[in-house]
Novice: 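Take a look at this one; I'll ask things after.
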Amino acid sequence: MDSLKPAIDLQKLPKHIAIIMDGNGRWAQEQGQDRLYGHFHGVESVRAIVEGCAELGVGYLTLYAFSTENWDRPEYEVTGLMELLVDTIRKEVDTLNKNNIKLHVIGDMQMLPDYAQQELKEALELTGKNTGLNLVMALSYSSRWELVNAVKNIAKDVKAGKIDPEQISQDTLQQYLTTSNFPDPELMIRTSGEYRISNFLLYQLAYAELYFTDVRWPDFRKEKLYEAILDFQKRERRFGKTSQQIKQEITAG
Ligand code: IPE
Ligand code: IPE
Ligand code: MG
């Protein structure tokens, strides 16, 4: 099969792609394997998709790797995932640097074991000067956690007299989110045939185009990414306006 890559209009790439990487466990179980086997293969998809986005010139890629709620999984799986995470980061830092990729993390880092926090901190420092793709890992992340945190910090700053409640705007709130340095995702992909958001970037996805595929995450490789981007490029993003207005705006340039 010919690659779909040449069909992509590079002038109309989503600036920010966010992905709920789902289906590792089922992928493994369908083959009579342990769930961790699925996570292990999921790492290969992470590599492929990060590389695919970097090659195309996508600005931001956010990957939902572990949710606040995932802490409630059996201890064996949580420990396995943490080890896989640390191991992967350690191995990938060189590749990230070679490809000019800057790593970021969003989520409740204090929940992570110390060794994982340490490894992440180093990786953030080592890739901090890169200027290419921004790779945002959502770890121990959930949107409700993030929003509660934002509200708490806004309240503290109001109390300290740093902000006037009357002046609070959407921009203010944006600055208190973990994603304050990133534009909102334009394309959100969820793999594995589930049609839900699972506490991911609830505020930031307000106008994202949503793309759902039955493909399990370990089978989601570059061609599947190209398919999602091509689908995105066919959509008309209206932001509340009419189709006619949007067409006029395009012809007016
Ligand atoms: C996604 O795969 C990875 C994480 C949530 C860490 P799952 O582990 O949720 O796999 P399924 O959904 O059970 O198949
Ligand atoms: C969402 O997947 C979280 C990640 C992919 C990290 P889950 O598998 O945890 O979501 P639910 O439980 O099916 O909604
Ligand atoms: Mg799942």
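Note that the coordinates shown come from a computational prediction; the quantities given were computed from them, not determined experimentally.
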Novice: Could you check whether any side-chain heavy atom of Arg35 comes within less than 4.5 Å of a side-chain heavy atom of Arg26, counting everything from C-beta outward?
Specialist: no
Novice: Do the side chains of Val105 and Phe182 join up, straight or via other hydrophobic residues, at under 4.5 Å, putting them in one cluster?
Specialist: no
Novice: Should Leu177 and Trp145 be regarded as members of a common hydrophobic cluster, given that ILVMFWY residues are connected when their side-chain heavy atoms come within less than 4.5 Å of each other, either directly or indirectly?
Specialist: no
Novice: Within a 6.0 Å radius of atom CZ on Arg144, are there more than 12 heavy atoms belonging to other residues, nucleotides or ligands?
Specialist: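 Atom CZ in Arg144 is not crowded, with 12 or fewer foreign heavy atoms closer than 6.0 Å.
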Novice: Looking at CD1 of Ile189 and CZ of Phe232, how far apart are the two atoms once the value is rounded to the nearest 0.5 Å?
Specialist: 10.5 Å
Novice: Do other residues, nucleotides or ligands put more than 12 heavy atoms under 6.0 Å from Glu236 CD?
Specialist: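 Atom CD in Glu236 is crowded, with more than 12 foreign heavy atoms closer than 6.0 Å.
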Novice: With distance as the sole test, does Asp219 use its side chain to make a donor-acceptor pair with the main-chain N or O of Val215 at under 3.5 Å?
Specialist: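 Not a single qualifying donor-acceptor pair exists.
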Novice: Is it true that atom CD of Glu249 has more than 12 heavy atoms of other residues, nucleotides or ligands lying nearer than 6.0 Å?
Specialist: yes
Novice: Do Asn24 and His41 pair up side chain to side chain, a donor and an acceptor below 3.5 Å, judged on atom types alone?
Specialist: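 No, His41 and Asn24 have no side-chain donor paired with an acceptor closer than 3.5 Å.
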Novice: As a quick check of understanding, evaluate side chain to side chain contact (heavy atoms under 4.5 Å, CB included) for Trp71 and Ser140, giving each step before the final call.
Specialist: CA-CA 8 Å; Trp71 289 113; Ser140 189; 2.8 Å; yes
Novice: So which heavy atom on Gln233 is nearest to which on Ala7, and how close?
Specialist: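 Result for this residue pair: OE1-O, 4.5 Å.
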Novice: Measure the spacing between CD of Gln174 and CD of Gln170 and express it to the nearest 0.5 Å.
Specialist: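 Reported to 0.5 Å precision, the distance equals 10.0 Å.
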Novice: Any luck finding a side-chain donor-acceptor pair between Asn181 and Tyr60 under 3.5 Å?
Specialist: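 Short answer, no.
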Novice: Side chains of Ile20 and Thr191, heavy atoms from C-beta outward: is any pair under 4.5 Å?
Specialist: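 A side-chain contact is absent here, since even the closest heavy-atom pair is not under 4.5 Å.
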Novice: Could you see if Ile163 belongs to whatever hydrophobic cluster contains Leu147? Use Ile, Leu, Val, Met, Phe, Trp, Tyr and a side-chain cutoff under 4.5 Å.
Specialist: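 Both belong to a single hydrophobic cluster.
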Novice: Would you check if Gln167 and Thr172 make a side-chain contact, meaning some heavy-atom pair closer than 4.5 Å?
Specialist: no
Novice: Would a hydrophobic clustering, with Ile, Leu, Val, Met, Phe, Trp and Tyr connected at side-chain separations under 4.5 Å, put Leu210 with Phe200?
Specialist: yes
Novice: With a 3.5 Å cut-off and no angle check, do the side chains of Ser243 and Lys247 form a donor-acceptor pair?
Specialist: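 Side chains of Ser243 and Lys247: pair found under 3.5 Å.
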Novice: If we only count heavy atoms from C-beta on, is the Leu173 to Ile154 side-chain gap below 4.5 Å?
Specialist: yes
Novice: Treating Asn130 as the side-chain partner and Gly132 as the backbone partner, does any N or O pair qualify as donor plus acceptor under 3.5 Å?
Specialist: no
Novice: Side-chain heavy atoms under 4.5 angstrom apart, residues restricted to Ile, Leu, Val, Met, Phe, Trp, Tyr: same cluster for Leu84 and Leu120?
Specialist: no
Novice: With under 30° as parallel and over 60° as perpendicular, where do the rings of Tyr141 and Tyr64 fit, or are they tilted in between?
Specialist: perpendicular
Novice: Step by step, would you call Met188 with Ile19 a side chain to side chain contact (heavy atoms under 4.5 Å, CB included)?
Specialist: CA-CA 6 Å; Met188 196 289 286; Ile19 308 183; over 6 Å; no
Novice: Report yes if the side chains of Leu61 and Val136 come closer than 4.5 Å at any heavy-atom pair, otherwise no.
Specialist: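 Leu61 does not reach Val136 side chain to side chain.
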Novice: Would Arg190 and Ser198 count as having a side-chain donor-acceptor pair, cut-off 3.5 Å?
Specialist: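 There is such a pair (donor and acceptor under 3.5 Å, judged by atom type) between the side chains of Arg190 and Ser198.
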Novice: Taking the side chain as everything from C-beta on, heavy atoms only, tell me whether Asn100 gets closer than 4.5 Å to Leu133.
Specialist: no
Novice: Side chains of Glu146 and Gln204: any donor to acceptor distance under 3.5 Å?
Specialist: yes
Novice: Donor-acceptor pair, distance only, cut-off 3.5 Å: does the side chain of Asn99 make one with the backbone of Ile101?
Specialist: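 Between the backbone of Ile101 and the side chain of Asn99 there is no qualifying donor-acceptor contact (under 3.5 Å).
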Novice: For Val78 and Asn70, work out which heavy atoms get closest and say how close.
Specialist: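 Minimum heavy-atom separation between Val78 and Asn70: CG2-O, 3.6 Å.
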Novice: Under 3.5 Å, is there a donor-acceptor pair between the side chain of Gln245 and the main chain of Thr242?
Specialist: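 Yes, because the side chain of Gln245 sits within donor-acceptor range (under 3.5 Å) of the backbone of Thr242.
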Novice: Is Glu209 reaching over with its side chain to a backbone N or O of Leu187, donor-acceptor style, under 3.5 angstrom?
Specialist: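 It does not hold such a pair.
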Novice: Would you call Asp87-Lys91 a salt bridge at under 4.0 Å N-O?
Specialist: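 Looking at Asp87 and Lys91, the cut-off is met.
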Novice: Where is the tightest heavy-atom contact between Cys53 and Ile17, given as atom of each residue plus distance?
Specialist: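 Minimum heavy-atom separation between Cys53 and Ile17: SG-CD1, 4.3 Å.
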Novice: Roughly how far apart are Leu126 CG and Lys121 NZ, rounded to 0.5 Å?
Specialist: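 Here the rounded value is 11.5 Å.
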Novice: With heavy-atom distances below 4.5 Å as the criterion, would you say the side chains of Ile8 and Leu230 are in contact?
Specialist: yes
Novice: Kindly assign one of parallel, tilted or perpendicular to the pair Trp217 and Phe220, based on the angle between their ring planes and the thresholds 30° and 60°.
Specialist: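 Trp217 vs Phe220 ring planes: parallel.
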Novice: How long is the straight-line distance from OH of Tyr115 back to CG of Leu85, given to the nearest 0.5 Å?
Specialist: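 With rounding to 0.5 Å, CG (Leu85) is 8.0 Å from OH (Tyr115).
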Novice: Let me know which of Asn134, Thr178, Thr179 forms a side chain to side chain donor-acceptor pair (under 3.5 Å) with His104.
Specialist: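 The single option meeting the side chain to side chain donor-acceptor pair (under 3.5 Å) with His104 is Asn134.
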Novice: Can a donor-acceptor pair be found, under 3.5 Å and without considering hydrogens, that links the side chain of Gln117 to the backbone of Met109?
Specialist: yes
Novice: Count the heavy atoms of every other residue, nucleotide or ligand shown that sit under 6.0 Å from OH of Tyr211, and state whether that count exceeds 12.
Specialist: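 Atom OH in Tyr211 is packed in, count exceeds 12.
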Novice: Taking atom types as modelled, find out whether Asn97 and Thr127 have a side-chain donor-acceptor pair closer than 3.5 angstrom.
Specialist: no
Novice: Which atoms form the tightest heavy-atom contact between Ala123 and Val93, and what is the distance?
Specialist: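 Nearest pair, atom of Ala123 first, then Val93: CB-CG2, 3.8 Å.
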Novice: Taking atom types as modelled, find out whether Asp157 and Tyr176 have a side-chain donor-acceptor pair closer than 3.5 angstrom.
Specialist: yes
Novice: Could you pull out the closest heavy-atom pair between Gly38 and Pro218, with the gap in Å?
Specialist: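 The pair with the smallest heavy-atom distance is O-CG, 3.8 Å.
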Novice: Classify the ring geometry between Phe239 and Tyr207 as parallel (under 30°), tilted (30 to 60°) or perpendicular (over 60°).
Specialist: tilted
Novice: With rounding to the nearest 0.5 angstrom, report the CG to OG distance, Leu139 to Ser67.
Specialist: 10.5 Å
Novice: Would Val50 and Val46 count as a side chain to side chain contact (heavy atoms under 4.5 Å, CB included) here? Give the steps.
Specialist: CA-CA 6 Å; Val50 169; Val46 171; 4.0 Å; yes
Novice: Just grab all the salt bridge (charged side-chain N to carboxylate O under 4.0 Å, His left out) pairs involving residues 221-231, residues at least two apart or on different chains.
Specialist: Glu51-Lys222, Glu55-Lys222, Asp231-Arg235
Novice: Considering only heavy atoms from C-beta outward, does the side chain of Ile197 approach that of Leu202 to under 4.5 Å?
Specialist: yes
Novice: For residues 6-17, which residue pairs qualify under side-chain hydrogen bond (donor to acceptor under 3.5 Å, both in side chains), counting only residues two or more places apart or in two chains?
Specialist: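 side-chain hydrogen bond (donor to acceptor under 3.5 Å, both in side chains) check on residues 6-17 returns His16-Thr62.
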Novice: Check step by step if side chain to side chain contact (heavy atoms under 4.5 Å, CB included) holds for Ile106 and Leu201.
Specialist: CA-CA 11 Å; Ile106 55 171; Leu201 302 174; 4.3 Å; yes
Novice: Quick check for you: to the nearest 0.5 Å, what is the distance between Leu225 atom CG and Ser45 atom OG?
Specialist: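 Reported value, rounded in 0.5 Å steps: 11.0 Å.
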